[in-house]
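Every heavy atom of this structure was used, including side-chain atoms; hydrogens, water molecules and symmetry mates were not.
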Amino acid sequence: MLNTNPRIGTLITQYLNINVYTLYIAILYFLLIFTPSLCLSHGSINPPSIDQSQLRVVKEASSDIYTPPTDGKLTENQIIDFIELSQNAIDKYEDMIDKANHVNTHTNSESQSNCNYYQYKLATITSVKSNDYNWAEHDWITRQLIQTMHLYKLDTKSLDSAAAHNVNLFKKLKSQLLPIINYC
């Protein structure tokens, strides 16, 4: 996910009267269009190609709406779906990298990291949408799990009920979640 100051994000979304998911998708859409030129400016010979179907998937994802539960609690099914979708995204991403490595063997590490972030995000959106899931919900689950990952070593007695609930689910599925959350 994008590392942004939450206050700035709130101000931007209030000013533009859009939700956070739409803002993230708009930024990703912008990156999809301009990442190839960024890669070229860093010496990449063959930037990742963007086809119309990929742009269509990103646009479709930007229209997804999800209202998180008021209690903030994740369900075990949401986490299991997250694990499956994320593993699918990692597989898609690694296929993209393999194809890119065969086509272009002369990239420097800076351009490679720019293109890899783009490709990983695109693989994640493609995985979510091709499996008929809601991108906004997936994004919320991702953020909840990252927050929970930072809390899981704390004593659950000191946490509110939602955080304690999410930590207990995280602990139950930790061996599957940590490699995914720490992947990229």
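The side chain to side chain contact (heavy atoms under 4.5 Å, CB included) test applied to Ser130 returns Lys92, not counting sequence neighbours. Under the side chain to side chain donor-acceptor pair (under 3.5 Å) criterion, Thr126 pairs with no residue at all, not counting sequence neighbours. Applying the ring-ring contact (aromatic ring centres under 6.0 Å, His included) criterion to Tyr133, with sequence neighbours excluded, gives no partner residue. In terms of the side chain to side chain donor-acceptor pair (under 3.5 Å) criterion, residue partners of Glu94 (sequence neighbours excluded) are, by chain and number, Tyr183. Evaluation of the side chain to side chain contact (heavy atoms under 4.5 Å, CB included) rule for Asp71 yields Pro69, Lys73 as partners, not counting sequence neighbours. When the salt bridge (Lys or Arg N to Asp or Glu O under 4.0 Å) test is applied to Glu60, the partners found at least two apart in sequence or on another chain are Lys129. The side chain to side chain donor-acceptor pair (under 3.5 Å) search around Ser53 returns Asp51, not counting sequence neighbours. Take Met96 and apply the side chain to side chain contact (heavy atoms under 4.5 Å, CB included) test, not counting sequence neighbours, and it matches Gln119, Leu122, Ala123. Applying the side chain to side chain donor-acceptor pair (under 3.5 Å) rule to Asp91 yields the partners Gln87; only residues at least two apart in sequence or on another chain are considered. For Thr70, there are no side chain to side chain contact (heavy atoms under 4.5 Å, CB included) partners at least two apart in sequence or on another chain.
When side chains are defined from C-beta on, Ile180 counts as touching Phe82, because their heavy atoms get closer than 4.5 Å. Two residues are said to be in side-chain contact when any heavy atoms from C-beta on lie closer than 4.5 Å; Gln144 and Gln78 fail this criterion. Taking the side chain as every heavy atom from C-beta outward, Thr124 and Tyr93 never approach each other to under 4.5 Å. Taking 4.5 Å as the limit, some side-chain heavy atom of Met149 sits within range of a side-chain heavy atom of Leu178. Residues Gln176 and Leu173 are in side-chain contact: their nearest non-hydrogen atoms beyond the backbone lie under 4.5 Å apart. Side-chain contact between Ser86 and His138 is present, with at least one heavy-atom pair separated by less than 4.5 Å.
One N or O on the side chain of Asn131 and one on the backbone of Ser127 form a donor-acceptor pair closer than 3.5 Å. Here the side chain of Asp139 pairs no donor or acceptor atom with the backbone of Trp135 at under 3.5 angstrom. Without hydrogens or angle criteria, Asn166 side chain to Leu74 main chain gives a donor-acceptor distance under 3.5 Å.
Nearest heavy-atom pair across Ile181 and Leu145 is CD1-CB, 3.9 Å.
For residues 158-172, the salt bridge (charged side-chain N to carboxylate O under 4.0 Å, His left out) pairs, not counting sequence neighbours, are Glu76-Lys172.
In this structure, Asp81 CG and Ile83 CD1 are separated by 9.5 Å, a value rounded to the nearest 0.5 Å.
Between Tyr66 and Trp140, the ring planes are tilted. Angles from 30° to 60° get that label.
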